[in-house]
Amino acid sequence: MKPNKHKATHSAEKEFGGALGATCIPVFLPLTVLYLLSVCRSPAASVLQWPPPLPPAAQLWDPLAAVLVVGWITLQSFLYLLPIGKVSEGLVLRDGSKLKYPINGFHALSITAVLLIVCLWLGMPLGYLFELILPLAVCAIGVSYLLSMYLYIRSFWAPQHALSLGGNTGNPLYDFFMGRELNPRIGDFDLKYFCELRPGLIGWVVINLGMLMKEVELRGSPSLAMQLVNGFQLLYVTDALWNEEAVLTTMDIVHDGFGFMLAFGDLAWVPFTYGLQAMFLVVHPQSLSTLGAAGIILLNDLETIATATGKRLLVSGWWGFVRHPNYLGDLLMALAWSLPCGMSHILPYFYVIYFTILLIHREARDEKHCRAKYGLAWDTYCRRVPYRILPYIY
């Protein structure tokens with residue numbers, strides 16, 4: 001079968017800084033991950049210290065890390081293929097078809113939890129993940145690059161209707177970054193859907209558990225702060241996988257192609273930056289009072305507000321106060337994850353800062369899609385609900 005050498009037919013507005021951003025981001029974001037991990041393990045934990053605490057090259061590679069990363073992705077792929085759970089259909093594609101997706105992410109998390117309990121019972125040193133964190137990150141970054149190159153090359157065999165509207169511009173660097181193909185599959189195995197919630201998200205809580213076990217090795221028992229961080233983030237991941245079907249209507253699945261942006265984000269950025277708080281606590285223990293813990297728990301204990309998927313625009317309750325109360329809830333929850341680390345360092349608050357920028361950018365993308373979809377009705381809605389995320393501020 002010959003590759004489909006069709007020219008780009010979509011002139012969508014370029015995002016993330018266009019070709020310049022698509023050239024710089026794949027270089028600087030992986031370096032950012034390694035830098036943050038290095039700073040987190042340093043005694044000062046200062047993101048502004050100079051010279052920065054860069055590790056020697058020998059600490060960036062370990063064959064065991066490569067085995068663990070490949071083995072982890074293989075395990076999660078096997079669990080994805082298990083004939084358990086229900087099968088749901090995605091939204092209608094441009095050619096009128098619907099793809100089917102296995103909804104068994106919570107089963108994968110549960111089986112993984114049982115395997116981890118067995119590993120602990122056998123005495124496997126999960127705390128060693130702390131020593132391996134940099135080589136693991138290097139291997140995950142390498143996998144994301146290799147996967148992205150495979151996705152870009154295979155996209156030239158995809159039919160025109162299977163391409164993403166935003167990643168088919170004709171600029172190789174930009175299309176590599178955004179992803180040319182919308183739903184790349186190997187048989188029934190959907191690569192984007194698998195990466196979205198499986199290896200990185202479940203890997204995040206496994207790394208957190210490794211940090212907790214490292215603290216047990218160092219201090220005899222996990223601190224209250226470490227328990228809160230692990231508990232909050234495990235609850236978040238469990239909720240995401242329990243409601244896995246909801247991801248089928250998200251922007252990542254419906255609009256974005258599968259390229260470096262999502263591959264790196266899913267496989268490297270999520271597990272190695274979202275869990276910085278747990279890693280920070282290993283090197284920089286924090287004492288937390290019962291009253292302080294109770295306040296943080298109350299901040300994290302928010303009612304989940306589902307996104308409306310119908311054609312009517314909600315103007316009641318929180319949805320009549322701000323356009324994205326779910327984003328506001330995400331930010332408050334992210335703040336609760338960082339507060340157990342104290343207020344003496346900004347590093348544990350990296351996730352809050354990053355997530356604020358991410359959600360503001362995503363809200364702007366939502367705005368464009370909604371304006372195109374609802375037309376004048378969206379203008380009326382914006383006048384009725386003027387605040388986007390934060391009441392009276394933004």
Side-chain angles (χ1 to χ4, degrees), residues 25 27-56 59-60 127 129-138 140-141 200-201 203-215 218-219 222-234 236-237 264-265 268-289 292-293 295-296 299-300 330-361:
I25 292 175
V27 175
F28 288 107
L29 275 192
L31 293 177
T32 299
V33 171
L34 299 178
Y35 174 72
L36 289 172
L37 294 175
S38 299
V39 171
C40 210
R41 291 157 53 95
S42 68
S46 172
V47 294
L48 300 177
Q49 66 186 92
W50 189 263
L54 300 179
Q59 292 185 12
L60 297 176
L129 290 176
F130 177 79
E131 278 74 25
L132 281 178
I133 200 68
L134 282 171
L136 286 171
V138 168
I141 291 168
L201 208 65
W204 168 19
V205 295
V206 173
I207 291 174
N208 276 358
L209 176 61
M211 300 306 107
L212 184 147
M213 295 308 299
K214 184 63 178 180
E215 192 176 56
L218 294 174
R219 305 180 183 102
S223 64
L224 179 56
M226 179 68 81
Q227 292 179 60
L228 285 181
V229 168
N230 269 258
F232 289 160
Q233 297 181 355
L234 175 60
Y236 178 86
V237 171
F264 171 79
W269 185 262
V270 167
F272 294 102
T273 66
Y274 284 21
L276 284 174
Q277 296 94 342
M279 192 176 310
F280 174 85
L281 289 172
V282 172
V283 184
H284 309 88
Q286 303 289 318
S287 59
L288 189 63
S289 67
I296 294 172
L299 180 61
N300 186 77
D330 279 338
L331 291 175
L332 292 176
M333 191 163 51
L335 179 61
W337 297 355
S338 301
L339 287 173
C341 298
M343 303 293 291
S344 59
H345 292 80
I346 194 173
L347 183 62
Y349 293 84
F350 171 81
Y351 178 77
V352 182
I353 297 169
Y354 152 75
F355 211 53
T356 300
I357 297 171
L358 172 71
L359 291 182
I360 290 174
H361 177 260

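Side-chain atoms of R41 and I133, non-hydrogen and from C-beta on, do get closer than 4.5 Å to each other. You'll find the side chain of F264 stays beyond 4.5 Å of the side chain of I25, heavy atoms only. For the pair L281 and M211, the minimum side-chain heavy-atom distance is 4.5 Å or more. Counting only heavy atoms from C-beta outward, the side chains of Y349 and M343 approach each other to under 4.5 Å. P55 is listed as a side-chain neighbour of L60, based on a closest heavy-atom distance under 4.5 Å.
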**Message:** Apply side-chain contact (heavy atoms from CB on, under 4.5 Å) to residues L134 and S38 and explain how you reach the verdict.
**Reply:** CA-CA 8 Å; L134 282 171; S38 299; 3.9 Å; yes
**Request:** Check step by step if side-chain contact (heavy atoms from CB on, under 4.5 Å) holds for I296 and L335.
**Result:** CA-CA 9 Å; I296 294 172; L335 179 61; over 6 Å; no
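Between L129 and V206 the shortest heavy-atom distance is CD1-O, 3.8 Å. The nearest pair of heavy atoms linking T356 to V352 is OG1-O, 2.8 Å. For the residue pair A137 and L37, the shortest heavy atom distance occurs at CB-CD1, 3.6 Å. Pairing each heavy atom of L224 with each of S289, the nearest pair is CD2-O, 4.2 Å. Annotation for Q277 and S338: closest pair NE2-OG, 3.3 Å, computed over non-hydrogen atoms. Of all non-hydrogen atoms in A225 and P340, the two that sit nearest each other are CB-O, 3.4 Å.
Side-chain atoms of H345 come within 3.5 Å of backbone atoms of A44 as a donor-acceptor pair (strictly under, hydrogens ignored).
The CZ atom of R219 sits 10.0 Å away from atom NZ of K214, with the distance rounded to the nearest 0.5 Å. Interatomic distance, CG of N208 versus CG of N230, reported as 5.0 Å (0.5 Å rounding). A distance of 10.5 Å separates CD of E131 from CD of Q59, quoted to the nearest 0.5 Å. To the nearest 0.5 Å, atoms CG (L36) and CG (L31) are separated by 11.0 Å. The CG atom of L339 lies 9.0 Å from the CZ atom of F232; values are rounded to the nearest 0.5 Å. Atoms CG and CZ, on L136 and F272 in that order, are 5.0 Å from each other to the nearest 0.5 Å.
The only member of W337, Y274, W204 that meets side-chain hydrogen bond (donor to acceptor under 3.5 Å, both in side chains) when paired with Q233 is W204.
For F350, the ring-ring contact (aromatic ring centres under 6.0 Å, His included) partners are W269, not counting sequence neighbours.
Counted by atom type alone, Q286 and S223 present zero donor-acceptor pairs between their side chains at under 3.5 Å.
Ring planes of Y351 and Y354: tilted class, angle from 30 to 60°.
Enclosure of atom CD1 in I353 by more than 12 non-hydrogen atoms of other residues, nucleotides or ligands within 6.0 angstrom is indicated.
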